[in-house]
Amino acid sequence: MSRFYLTTAIDYANGDPHLGHALEKIGADAIARFHRQLGDDVWFLIGMDEHGQKVAQTAEQAGMAPQAFVDRVAERFQAMWTTLGISHDQFMRTSAAPHHAAVTDLLERIFRHSPDDFYERSYTGRYCVGCESFKQPADITDERCALHPTRSLQEITERNWFFRLSAYTDRLKAHLAAHPEFVQPATRRNEILALLEQGLEDVSASRARFAWGVPFPRPLSDGETQTTYVWFDALPNYWTAQTFPGSRAPWPADVHIVGKDITRFHAVIWPAMLMAADLPLPAMIWAHGFISLGGERFSKSAGVKLELADAIARFGPDAFRYYLLRDVPFDGDGAFSWERFEAVYTAELANGLGNLASRMTAMLEKYCDGIVPTGVRGATDAADLADYAEARAAMAGRRGFPVHEALEAVVRTVGRANQLIQDAKPWVLAKNPAQREALDGVLATLARQLARQAVYLAPFMPQKAEALWQALGGPGTAGGTTFAAADTLDCAGWRVTKGEGLFPRPEPPAGA
RNA sequence: GGCUGGGUAGCUCAGCUGGUUAGAGCACGGCACUCAUAAUGCCGGGGUCGCGGGUUCGAGUCCCGCCCCAGCUACCA
């Protein structure tokens, strides 16, 4: 059994969960569940990034202490993940004591192993009082901050701890050259290579002006203790997770699943920190795309534009998961639309899988008293197994994690089952007792097809997969069945029951 | 501006190192069937492969130029 440790980005705790957050967690959850059924010993970490000036500000605006505020936000996120069936093993919160202690340890480890990498330096920048942050040239128009054009920018000099990121340019280049799979998909890897080619600049490791965070372990030469800068607090969460009570998080991680907007932090700063601390690097950074709504992008810091609850309520959490995983390529961008959601649901879940289950269970009850007959495996099984092998290949990580390709391969088996029924015409065979063996063979094949579908769909639609598995009378659970077992299973003797439709067709519009 | 990737049927996309009538899914039209959630299966219409040159016996596939789109171009995360 091989170990598989995957993480998602920790979500910034200054608002409620939105579609963008959900896409990442659902995709990661499908990967986690898939690897459990591959037989891997999976540890799946998600969580919250709860520190920083913005959080402190938002809390203040809400009239709350920062900790009370993030407690409330974390609760909302966790409730959403429960609703969506996210099967994380650990929920990180950076405001938790073990994280503070472990971040401090990591920073001290860097001081110890790479004494030259942290140093004091003055940073001079254009500070916007409205934003309470330094502005980059790109954000400045006519000497004013784009967001606060009525105020003038101040030139402020601040003394901080800096991290000698520049010293890692060559080592990072060498690592990417030796491990082409380290950053995926390829387009993100190209961006990182371009960045390394231009050379890295040192980055702040501590900040003055706000206290909501982990105190930087060593004071500046003038005695001031500053707050650890966001990336030296947030990124280490993947590593600090193992210090939490009850955690079995190993190190290094097999894959960090992140949004494409934060690839560089994970592919450059984080590995450099680990090198400085003399710790092993994660095997892969997988950067997924974004989902837009009405042309507007979502990201961690974008506003809520779609009530997640509404989308989930439409056809249930599993259908929502299916739609996102099927219609949004996990290595690129996609767009949410109600029309598309309904079209995919109707065509593939109601008319496709749902109807297939319905016609198969009906025939088994009608022709076999609900007991799956004995039948030998044939070409249909072989063709299905080829598709499933493709699904496993897509999820193996060699080419990153194109989750949509895996699901697509599984969906092909639904079409094949419908075709088999049409070709074999069991209702014709049933009229002729001499064709009994042929009829049994077809129905047994269909049972195996549905059973395998339940098992392979479990990572994508955990609840619906169990409902199907139960209707088929399978032993144990679909999600608890390994793919290896599914590939060889025999359903002879299972008691099938035709229950409620798995995916009811959408209600026609009122008045239509 | 620079770097990277992309522009192929109404929509979303496949088309590896150049080679026969350019494919899939969805949508659309017709036919068949009745086990099924008026579901399913079969057949079909539909493309100047962004534009213009070039190389080649032959280019969606290579070269040059141009147009358009997306991402990146570092301390909000």
Side-chain angles (χ1 to χ4, degrees), chain A residues 9-14 49 51-55 57 123 125 128 131-136 138-139 147 160 162-163 165 185-195 197-205 207 229-232 234 258-265 268-269 287 289-290 299-302 326-329 332-335 337 339-340 343-344 346-367 404-405 408 411-412 414-415 417-430 439 442-443 446 498 500-506:
Chain A
I10 47 177
D11 297 313
Y12 200 51
N14 67 340
D49 175 12
H51 290 143
Q53 197 163 25
K54 274 192 194 169
V55 168
Q57 280 177 260
Y123 176 85
C128 171
C131 295
E132 294 192 44
S133 68
F134 287 98
K135 292 282 137 184
Q136 297 305 300
D139 303 321
L147 301 175
N160 300 130
F162 265 71
F163 176 66
L165 184 62
T187 153
R188 306 272 89 94
R189 172 182 150 82
N190 289 343
E191 287 171 10
I192 298 303
L193 289 173
L195 177 72
E197 211 46 55
Q198 94 183 35
L200 299 174
E201 292 170 21
D202 293 348
V203 293
S204 302
R207 272 300 163 81
Y229 188 55
V230 53
W231 291 109
F232 286 80
V258 301
K260 63 183 183 180
D261 56 334
I262 51 174
T263 317
R264 74 162 49 211
F265 303 103
V268 175
I269 298 180
F290 289 152
S299 71
K300 282 173 76 170
S301 44
R326 178 86 168 100
D327 217 41
V328 180
D333 297 335
S337 87
E339 293 72 21
R340 186 71 196 147
V344 169
T346 304
E348 298 190 356
L349 294 181
N351 296 351
L353 180 64
N355 182 54
L356 173 66
S358 177
R359 62 199 305 207
M360 174 273 188
T361 49
M363 286 191 285
L364 264 160
E365 290 198 338
K366 190 175 290 187
Y367 306 140
H404 58 292
E405 287 182 23
E408 184 189 359
V411 169
R412 279 200 295 269
V414 175
N418 274 320
Q419 205 164 51
L420 172 67
I421 296 176
Q422 192 67 31
D423 293 346
K425 299 181 177 56
W427 53 92
V428 174
L429 300 177
L439 176 64
V442 172
L443 295 180
L446 276 174
K498 178 171 165 60
E500 298 292 303
L502 213 48
F503 300 100
R505 286 178 62 79

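In what follows, chains carry the letters A, B, and so on, assigned in the order in which the sequence lines appear, proteins first and then strands, with residues in each chain numbered from 1.
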Inset, instruction - Could you tell me whether a side-chain N or O of A:Asn160 sits under 3.5 Å from a main-chain N or O of A:Ser204, the two making a donor and an acceptor? - result: no
Inset, instruction - Please answer whether the main-chain N or O of A:Leu429 pairs with a side-chain N or O of A:Tyr367 as donor and acceptor at a distance below 3.5 Å. - result: no
Inset, instruction - Return the value, rounded to whole Å, for the distance between atom CD of A:Glu365 and atom P of B:A36. - result: 11 Å
Inset, instruction - Quote, to the nearest angstrom, the P distance that separates B:C76 from B:G1. - result: 26 Å
Inset, instruction - Locate the shortest heavy-atom distance separating A:Phe290 from A:Lys260; write the atom from each residue and the value. - result: CD1-CE, 3.6 Å
Legend entry - Nearest heavy atoms of A:Ala287 and A:Pro185, plus distance in Å: O-CD, 3.2 Å
Legend entry - Nearest-angstrom distance, P atom, B:U21 to B:G60: 11 Å
Legend entry - Flag, side chain of A:Thr346 to backbone of A:Ala343, donor-acceptor distance under 3.5 Å: no
Legend entry - Closest-nucleotide ordering on RNA chain B, the 5'-leading residue of A:Asp327 and A:Lys498: A:Asp327
Inset, instruction - Given side chain to side chain contact (heavy atoms under 4.5 Å, CB included), test A:Val411 with A:Arg326 step by step and report yes or no. - result: CA-CA 9 Å; A:Val411 169; A:Arg326 178 86 168 100; 3.9 Å; yes
Inset, instruction - Identify whether any heavy atom of A:Glu197 sits under 4.0 Å from a base atom; if not, whether one sits that close to sugar-phosphate; answer base, sugar-phosphate or nothing. - result: nothing
Inset, instruction - Scan A:Gly332 against the nucleic acid and name what it touches under 4.0 Å (heavy atoms): base, sugar-phosphate only, or nothing. - result: nothing
Inset, instruction - Ignoring hydrogens and angles, tell me if any N or O in the side chain of A:Thr361 forms a donor-acceptor pair with the backbone of A:Ala357 under 3.5 Å. - result: yes
Inset, instruction - Classify every nucleotide of nucleotides 3-9 of chain B by which part a protein heavy atom approaches to under 4.0 Å, writing B for the base, S for the sugar-phosphate alone and - for neither, in 5'-to-3' order. - result: -S-----
Inset, instruction - Fit a plane to each ring of A:Phe265 and A:Trp231, take the angle between them on a 0 to 90° scale, and name the class: parallel (under 30°), tilted (30 to 60°) or perpendicular (over 60°). - result: parallel
Legend entry - Distance-minimising heavy-atom pair for A:Ala424 and A:Val442: CB-CG2, 3.6 Å
Legend entry - Separation of B:C26 C1' from A:Glu408 CD (nearest whole Å): 12 Å
Inset, instruction - For B:A9 versus B:G52, give the span between their P atoms, rounded off to a whole number of Å. - result: 16 Å
Legend entry - Closest heavy-atom pair and its distance - A:Gly352, A:Asn418: O-ND2, 4.1 Å
Inset, instruction - Pick the C1' atom in B:U40 and in B:G47, then give their distance to the nearest Å. - result: 29 Å
Inset, instruction - Tell me what A:Lys366 touches on the nucleic acid: a base, only sugar-phosphate, or nothing, going by heavy atoms under 4.0 Å. - result: sugar-phosphate
Legend entry - CG-CG distance between A:Leu420 and A:Leu443, expressed to the nearest 0.5 angstrom: 9.0 Å
I'd like a list of close polar pairs between nucleotides 40-43 of chain B and the protein, N/O only, cut-off under 3.5 Å.
from, atom 1, to, atom 2, distance (Å)
B:U40, O2', A:Arg359, NH1, 3.2
B:U40, O2, A:Gln422, OE1, 3.3
B:C42, OP1, A:Gln419, NE2, 2.5

Inset, instruction - Grab the CD1-C1' distance between A:Ile10 and B:C76 for me, whole Å please. - result: 15 Å
Inset, instruction - Pick the P atom in B:U56 and in B:C42, then give their distance to the nearest Å. - result: 46 Å
Inset, instruction - Considering only atom C1', compute the distance from B:A27 to B:G44 and round it to an integer number of Å. - result: 14 Å
Inset, instruction - Using heavy atoms to find the nearest nucleotide of RNA chain B for A:Leu353 and A:Trp427 separately, return the residue whose nucleotide is more 5′. - result: A:Trp427
Legend entry - Rounded C1' spacing from B:A39 to B:G7 in Å: 38 Å
Inset, instruction - Describe the nucleic acid contact of A:Leu200 in one word from base, sugar-phosphate, nothing, applying a heavy-atom distance below 4.0 Å. - result: base
Inset, instruction - Classify the nucleic acid contact of A:Tyr367 as base, sugar-phosphate or nothing, counting any heavy atom under 4.0 Å across all strands shown. - result: sugar-phosphate
Inset, instruction - Give one of base, sugar-phosphate or nothing for A:Leu502, where a contact means two heavy atoms less than 4.0 Å apart. - result: base
Legend entry - Phosphate contact (B:U73 OP1 or OP2) by A:Arg264 side-chain N/O below 4.0 Å: yes
Inset, instruction - Would you check if the side chain of A:Asp202 reaches a backbone N or O of A:Leu165 as a donor-acceptor pair within less than 3.5 Å? - result: yes
Legend entry - Nearest-Å distance for atom pair CZ/P, residues A:Arg412 and B:C13: 18 Å
Legend entry - Rounded distance (Å) that lies between atom C1' of B:C72 and atom CD1 of A:Ile262: 15 Å
Legend entry - Whole angstrom value for the distance that separates P of B:A39 from CG of A:Leu349: 15 Å
Inset, instruction - Kindly say whether A:Lys498 contributes a backbone atom to a donor-acceptor pair with the side chain of A:Glu365 at under 3.5 angstrom? - result: yes
Inset, instruction - Grab the CZ-P distance between A:Phe163 and B:A74 for me, whole Å please. - result: 19 Å
Legend entry - Gap separating the CZ atom of A:Arg359 from the CH2 atom of A:Trp427, nearest 0.5 angstrom: 6.0 Å
Legend entry - Nearest-angstrom distance, C1' atom, B:C49 to B:G23: 12 Å
Inset, instruction - Report which part of the nucleic acid A:Ala362 touches: base, sugar-phosphate, or nothing (heavy-atom distance under 4.0 Å, all strands). - result: sugar-phosphate
Inset, instruction - Could you give me the stems involving RNA chain B, meaning stretches of three or more consecutive Watson-Crick or G-U wobble pairs whose two defining distances are both below 3.5 Å? - result: B:1-7 with B:67-73, B:10-13 with B:23-26, B:28-32 with B:40-44, B:50-54 with B:62-66
Legend entry - Distance, rounded to the nearest Å, where A:Lys425 contributes NZ and B:A36 contributes C1': 15 Å
